[in-house]
Amino acid sequence: MSASTYTPELAAQIIERLSKGEPLADICRDEGMPAVRTVSDWRSRYPDFDEQFLAARDDGFDAIAADCLRIADDGTNDYVMTKNGPVFDAEAVQRSKLRVETRIKLLAKWDRRRYGDHITHANDPENPLAGLTDEQLDARLAALAARQAQEA
């Protein structure tokens, strides 16, 4: 049976597990834990919980990133011992690569600001002044001011 009543103890358990990188859906599948929708309702109803939740999620993303490094650096399964000596295990290496790439792709989706690719294009509508020198900015502002003065 899942919990549906907010308690500080239950909230603390969720926060702790999130901060270690455990997905909320996995946490909520456990006995005695609320449904994902219930946690969402709690976030709306309890601002302190929401703040802790967001901080824990950031910590969890960092834990997942650290896990990527651990997986990439761990070469213990790269070779298997045979009667003829160690043999490279391409399947284990590919599995490790898949585990790292999956985590990195999820991090880029979940937290674009910190883990996503950052590309800024000139004249990007969301960042129209990126890449302009101070002189170019001054000239653009002067042109806009002149046009505004003519229209007035």
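On a predicted model such as this, the values are computed, not experimentally measured, just so you know. One-based numbering along the sequence shown.
- The shortest heavy-atom contact between Gly21 and Ala63 is N-CB, 4.2 Å.
- With Gln13 contributing its side chain and Leu10 its backbone, the two residues share no donor-acceptor pair below 3.5 Å.
- Ile64 belongs to a hydrophobic cluster with Phe61, Leu106, Leu107, Trp110, Tyr115, counting contacts under 4.5 Å between side-chain heavy atoms of Ile, Leu, Val, Met, Phe, Trp and Tyr, direct or through other members.
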Kindly determine whether Arg114 and Asp62 satisfy side chain to side chain contact (heavy atoms under 4.5 Å, CB included), including the steps that lead there. CA-CA 10 Å; Arg114 295 190 308 146; Asp62 292 343; 2.9 Å; yes
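- Classified by interplanar angle (parallel below 30°, tilted 30° to 60°, perpendicular above 60°), the ring pair Tyr79/Phe88 is perpendicular.
- Identified under the salt bridge (Lys or Arg N to Asp or Glu O under 4.0 Å) test for residues 3-16, with sequence neighbours left out: Glu16-Lys20.
- The main-chain N or O of Val36 is never found under 3.5 Å from a side-chain atom of Ser40 such that the two would form a donor-acceptor pair.
- Atom CZ of residue Arg45 and atom CG of residue Asp50 lie 13.0 Å apart, to the nearest 0.5 angstrom.
- In the hydrophobic clustering of this structure, Ile104 groups with Ile71; members are Ile, Leu, Val, Met, Phe, Trp, Tyr whose side-chain heavy atoms approach within less than 4.5 Å, directly or through other members.
- Two residues are said to be in side-chain contact when any heavy atoms from C-beta on lie closer than 4.5 Å; Tyr6 and Phe49 meet this criterion.
- For the pair Arg37 and Asp41, the salt-bridge criterion is met [side-chain N within less than 4.0 Å of a carboxylate O].
- Here the straight-line distance linking atom CG of Leu24 with atom CE of Met33 works out to 10.0 Å at 0.5 Å rounding.
- Expressed to the nearest 0.5 Å, how far OG of Ser96 lies from CG of Asp73 amounts to 11.0 Å.
- Under the 3.5 Å distance criterion, the side-chain polar atoms of Thr38 are left unmatched by any main-chain donor or acceptor of Pro34.
- The number of heavy atoms from other shown groups lying within 6.0 Å of CZ (Arg147) does not exceed 12.
- Of all non-hydrogen atoms in Ala35 and Cys28, the two that sit nearest each other are C-SG, 3.9 Å.
- Of the inter-residue distances, the one linking Thr133 atom OG1 with Arg140 atom CZ reads 12.0 Å to the nearest 0.5 angstrom.
- Counting only residues at least two apart or on different chains, the salt bridge (Lys or Arg N to Asp or Glu O under 4.0 Å) pairs with a member in residues 86-110 are Asp67-Arg103.
- Using modelled atom types, no side-chain atom of Arg70 and backbone atom of Ala65 make a donor-acceptor pair closer than 3.5 Å.
- In this model, a donor atom of one side chain and an acceptor atom of the other lie less than 3.5 Å apart for Asp74 and Thr76.
- In this structure, the separation between CG on Asp59 and CG on Leu54 is 11.0 Å, given to the nearest 0.5 Å.
- Interatomic distance, CZ of Arg17 versus CD1 of Ile27, reported as 5.0 Å (0.5 Å rounding).
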